[in-house]
2 protein chains.
Amino acid sequence: MFRPLSLLIINISKHNVASQIKYSTAILPRLSSEKYNIKRKSFGTINESDINHFRSILSENRVITDESDVLPYNIDWIKNCRGQSKVVLKPKTTDEVSEVLSYCNSKKLAVCPQGGNTGLVGGSVPVFDEIVLNFSLMNKVISLDDISGALVCEAGCVLENLDNYVRQHNLIMPLDLGAKGSCHIGGNVSTNAGGLRLLRYGNLHGSILGLEAVKADGTVIDCLRTLKKDNTGYHLKHLFIGSEGTLGVVTKVAVHCPAVSKAVSLGYFGVNTFEDVLQLYRNAKISLGEILSAFEMADNRAICSTVKNLKLTNPLEDYPFYVLIETSGCDEEHDSEKLNRFLSKEMESGHIIDGTVTSEPAKMRTIWNIRENIAEAGLHDGYVFKYDVSIPLNNYYDIVLLLRKKLEGKYTNIYGYGHIGDGNIHINVTVPEYSKEVCDMLEPYIFEQVAKLKGSISAEHGVGFRKPQFIHYSKDESALRLMKDLKHLMDPNGILNPYKVLPDV
Amino acid sequence: MFRPLSLLIINISKHNVASQIKYSTAILPRLSSEKYNIKRKSFGTINESDINHFRSILSENRVITDESDVLPYNIDWIKNCRGQSKVVLKPKTTDEVSEVLSYCNSKKLAVCPQGGNTGLVGGSVPVFDEIVLNFSLMNKVISLDDISGALVCEAGCVLENLDNYVRQHNLIMPLDLGAKGSCHIGGNVSTNAGGLRLLRYGNLHGSILGLEAVKADGTVIDCLRTLKKDNTGYHLKHLFIGSEGTLGVVTKVAVHCPAVSKAVSLGYFGVNTFEDVLQLYRNAKISLGEILSAFEMADNRAICSTVKNLKLTNPLEDYPFYVLIETSGCDEEHDSEKLNRFLSKEMESGHIIDGTVTSEPAKMRTIWNIRENIAEAGLHDGYVFKYDVSIPLNNYYDIVLLLRKKLEGKYTNIYGYGHIGDGNIHINVTVPEYSKEVCDMLEPYIFEQVAKLKGSISAEHGVGFRKPQFIHYSKDESALRLMKDLKHLMDPNGILNPYKVLPDV
């Protein structure tokens, strides 16, 4: 009963052509419930009268029930999870969201809020028959104050569209990530997305000025102020930042947008050892100071397989490690002087072996493309086990070497890349197809290693569906108890994004 | 039964000599309960067996019960509030805090957590006989990672001591405020303190990497990681940032400390109109960009009365407005070029009439001293009604003019000063002594005006004891309902800092 694959693909993966080609030749992912052996909780089951009620709230065409139309909303971007939802709802207003949730709560119907569906831990797709609450039609900009930099918009706005919009007013979004062409700002907030600008502009707990969210029972919580400072009572907005739609559904956000930098430069360097990468980071913080806006690293295999799989061009020869350094500032001459001084010093000392520096937007785009497509490119090898951990810098890269040794002969590729400045490394393990044997060798081994180093088992991707059983590697029992208490307080029937974030008691 | 005043004074006000002199000639503040007509809630009453129990936990000398010794802990810094506590406890460890709270919770004994007691809304002193839990002996630095900038310390560390400590490692604290010589980092976190560096380094929700807190029932919540990114479950630490000790007591914090800037300059300018102040801010954001680290303004009366009351020297003549602009960066030559270019442009266009720029630490200190002592200096006029509001920039200064008109003939002085970059203005209304008539003319009038402009009735000082009845001017009913639910969840007996933050149901 599937619609022709070409249509299906457009919905699943808007990222780029590469994944579409891949997907068209692949079989459908297994059902999450079977693959991970999950039992359905005792929620209500949706019936015709429920559907009619949703139609009365949203109108006919925003209640999607055709099986083939619903399918793309059931599958996550990395083809790891597949749910069994029968209905997708597309509200246009907060009131509609409130009415839908109030109804679902009264009937104990479970709901899976969904933004751009670019999450990497299965948080954005249903597991069983949860109703998909999709925000793609709540995509309006509400206001922009170009003096204070406060942007107010609906949750379904695509990050890249917002960035393009605020750039017309000499501002930028405080976050940037590979999935920016598809991800929604509401999803970014709900998952506390990190990304490429965190080093410079901090995390969303700092950048989100206010938000509006709807609780499970339909209550609208209005914290949508645009003030930088507001110490009146508990800071409720933070309950919704990073709780992955399990405590409430974000409907509108107010974001502080920093001023765009007149001068931006990007350096891309070949480096011999990880120790040199670290030394380079130390020196960049001192020499480039306030103009340092990104410091990213990727190992040889990450770059080479990306370039090969996506048919991109690597401007540099083969090196064990690659480093991207971005600077942004308000004076091109000053910035280039700082950057050149830094480069000549670092090339002289041998921390940088070769490199290229550019301020031309097209060339910068080419380099960023390689870095941003690493996640995507792994899908070409078959199945990807993706890990996203924080580790103190001195041990940052050890885990990649450990895994290569432990999994010898069992993998296609293992590589590491990430945001050095944030202590955040992404590790991809690619295999021809999903294998429980490899999975069991990886998990919980990798989380145990991270816990030993006092790292985080999920730096920015969140917990979602894939990691609740591992959360205790990063949070102790008292903290988990309080999380469960909060969940029970705010969503006593547990209808919001079930099977996600918190392990069952 | 009071101890000689000289001793009392040292405990109350460590800020500077000025307030001590003033206090020694003043009578004790009225009891808060009488002044504001508050009824005691049905908490337990402390008895000899309770005291003995506390002695068994803390040892004899850290349980203070002598009436004159306890008095300073009952009075807030601006001499507005006076509580009636009979006992002050000084824990040294988290375990002690946990044991104390667990006991108090079981006996329904109310507790007032107290840091440096520099709060301005009566949040840090008891109202009735709440037990004062003072953190001055939990003042140890635990660790500092000078590569990542993560400082871990106990809650009772004084902010200025921490800043001095991390400066030895080329770092600075991400916040700075007038009370830095006395305020505790635990109090800063609990009140989400803003201050002078927020423009550059953002607020504490962004800068606090982790914390440890103790719930009312004694449960220790350990979120003391030092990671920049950790998306594993709900972001619990934010429950304790800015909830003013009513949801839990902060015992340890991990703070991200930015790198110290090699080059710092301070400009102090005389400006003719508030419109010119705003234009100057707009232009500074563009011309100084990433090196702009503070943009403060004060009106003529704020500066002149401070200079006069504290016998300081104003380096400039009389001007309607004064602006402080601080830059910090990693290259002195570049920064001074940017600053000079900006200055010559702004003097030419007439936005700046006169000014002085310096990079000498002693001279910068002299200028900052004037700005930082405005709050203090008002006490010399007698009683100060202090307001701290956020208002969109276009209407930022209107409120001062409105108040001067409304209170004509009823006040000694009314002035405004604050952090333009954060939309945050402080308004001081000084009168010879507290007057209910003036209070009634000010409140809720000032809050109504702020609410009309969608501002915040407390930008950084918090709600404390003085403003729960006005919180609805900034937060709606649903938000307040959720706050109360959170309070009930986390502190069902309501023992933590009662009579503060939330209005009674």
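Hydrogens, waters and symmetry mates play no part in the numbers below; they use all other heavy atoms, side chains included. All chains are named by letter (A, B, ...) in the order of the sequence lines, taking the proteins before the strands, and each is independently numbered beginning at 1.
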Does L239(A) reach the side chain of L239(B), with side-chain heavy atoms less than 4.5 Å apart? yes
SG/C223(A) to CG/L482(B) distance, rounded to the nearest 0.5 angstrom? 8.0 Å
Does the R225(B) side chain pair with the main chain of S456(A), one donor and one acceptor, at a distance under 3.5 Å? no
Looking only at heavy atoms and a cut-off of under 4.5 Å, which of G289(A), G233(A), G423(A) has the most pairs with chain B? G233(A)
Which atoms of L227(B) approach chain A - backbone, side chain, both or neither, heavy atom under 4.5 Å: side chain
Honestly, the part of H419(B) sitting under 4.5 Å from a heavy atom of chain A is side chain
Do L236(B) and L486(A) come within less than 4.5 Å of each other through their side chains, counting heavy atoms only? yes
For chain B, find which of S328(A), S478(A), A459(A) contributes the most heavy-atom pairs closer than 4.5 angstrom. A459(A)
Please check: side-chain N/O of N192(B) versus main-chain N/O of N231(A), any donor-acceptor pairing under 3.5 Å? no
Chain B interface, residue from D388(A), D476(A), V389(A) that has the most non-hydrogen pairs under 4.5 Å: D476(A)
Using non-hydrogen atoms only, which part of S261(B) is less than 4.5 Å away from chain A: side chain, backbone, both, or neither? neither
Using a cut-off of under 4.5 Å on heavy-atom pairs, state which of P468(B), G462(B), G202(B) scores highest against chain A. G462(B)
Chain A interface, residue from L247(B), T219(B), I221(B) that has the most non-hydrogen pairs under 4.5 Å: L247(B)
Validation row: T226(A), K454(B) side chains within 4.5 angstrom (heavy atoms): no
Select one option (side chain, backbone, both, neither) describing which atoms of V463(B) are under 4.5 Å from chain A's heavy atoms. both
Heavy-atom proximity to chain A below 4.5 Å, by part of I286(B): both
Any D230(B) side-chain heavy atom under 4.5 Å of S390(A) side chain: no
Side chain / backbone / both / neither for K467(B) at chain A, heavy atoms under 4.5 Å: neither
Between A259(B) and chain A, with a heavy-atom cut-off of 4.5 Å, which part of the residue counts as in contact: side chain, backbone, both or neither? neither
Distance (rounded to the nearest 0.5 Å) between H488(A) NE2 and L489(B) CG: 9.5 Å
Does atom CD of E333(A) have more than 12 heavy-atom neighbours, drawn from other residues, nucleotides or ligands, at distances under 6.0 Å? no
Let's test your reading of the structure: which of R282(B), H205(B), K228(B) forms the most heavy-atom pairs below 4.5 Å with chain A? H205(B)
In Å, rounded to the nearest 0.5 Å, how long is the span from CG of D485(A) to CE of M490(B)? 9.0 Å
Out of I391(A), L480(A), D222(A), L393(A), return the one with the most heavy atom pairs under 4.5 angstrom to chain B. D222(A)
NE2 of H334(B) to NE2 of H334(A): how many Å apart, nearest 0.5 Å? 5.0 Å
Quick one: of P392(B), G455(B), P258(B), who has the most non-hydrogen atom pairs under 4.5 Å with chain A? G455(B)
Taking the side chain as every heavy atom from C-beta outward, state whether C330(A) and E290(B) have any atom pair closer than 4.5 Å. yes
Structural part of S474(B) lying under 4.5 Å from a heavy atom of chain A: both
Could you check which of H256(A), K237(A), K475(A) has the highest count of heavy-atom pairs closer than 4.5 Å to chain B? K475(A)
Engaged part of S287(B) at the chain A interface, taking heavy atoms whose separation is under 4.5 Å: backbone
Scan side-chain atoms only and decide if T246(A) and Y234(B) contain a donor-acceptor pair under the 3.5 Å cut-off. yes
Atom group of I457(B) that falls short of 4.5 Å from chain A, counting heavy atoms: both
Is the closest basic N to carboxylate O distance between R341(A) and D331(B) below 4.0 Å? yes
Can you list everything that forms a salt bridge (Lys or Arg N to Asp or Glu O under 4.0 Å) with E326(B)? Sequence neighbours excluded, please. none
Max heavy-atom pairs within cutoff under 4.5 Å with chain A, candidates K285(B), E337(B), H461(B), goes to E337(B)
Other residues, nucleotides, ligands: >12 heavy atoms within 6.0 Å of E332(B) CD: no
Against chain A, label N424(B) side chain, backbone, both or neither, depending on which of its atoms sit under 4.5 Å from a heavy atom there. side chain
Which answer fits V220(B), side chain, backbone, both or neither, if we ask what part of it has an atom under 4.5 Å from a heavy atom of chain A? backbone
Quick one: does K229(A)'s side chain have a donor or acceptor within less than 3.5 Å of a partner on S458(B)'s backbone? no
Given the options S148(A), G206(A), A150(A), which has more heavy-atom pairs under 4.5 Å with chain B than any of the others? G206(A)
Considering only heavy atoms, which portion of D422(B) lies under 4.5 Å from any heavy atom of chain A: side chain, backbone, both, or neither? both
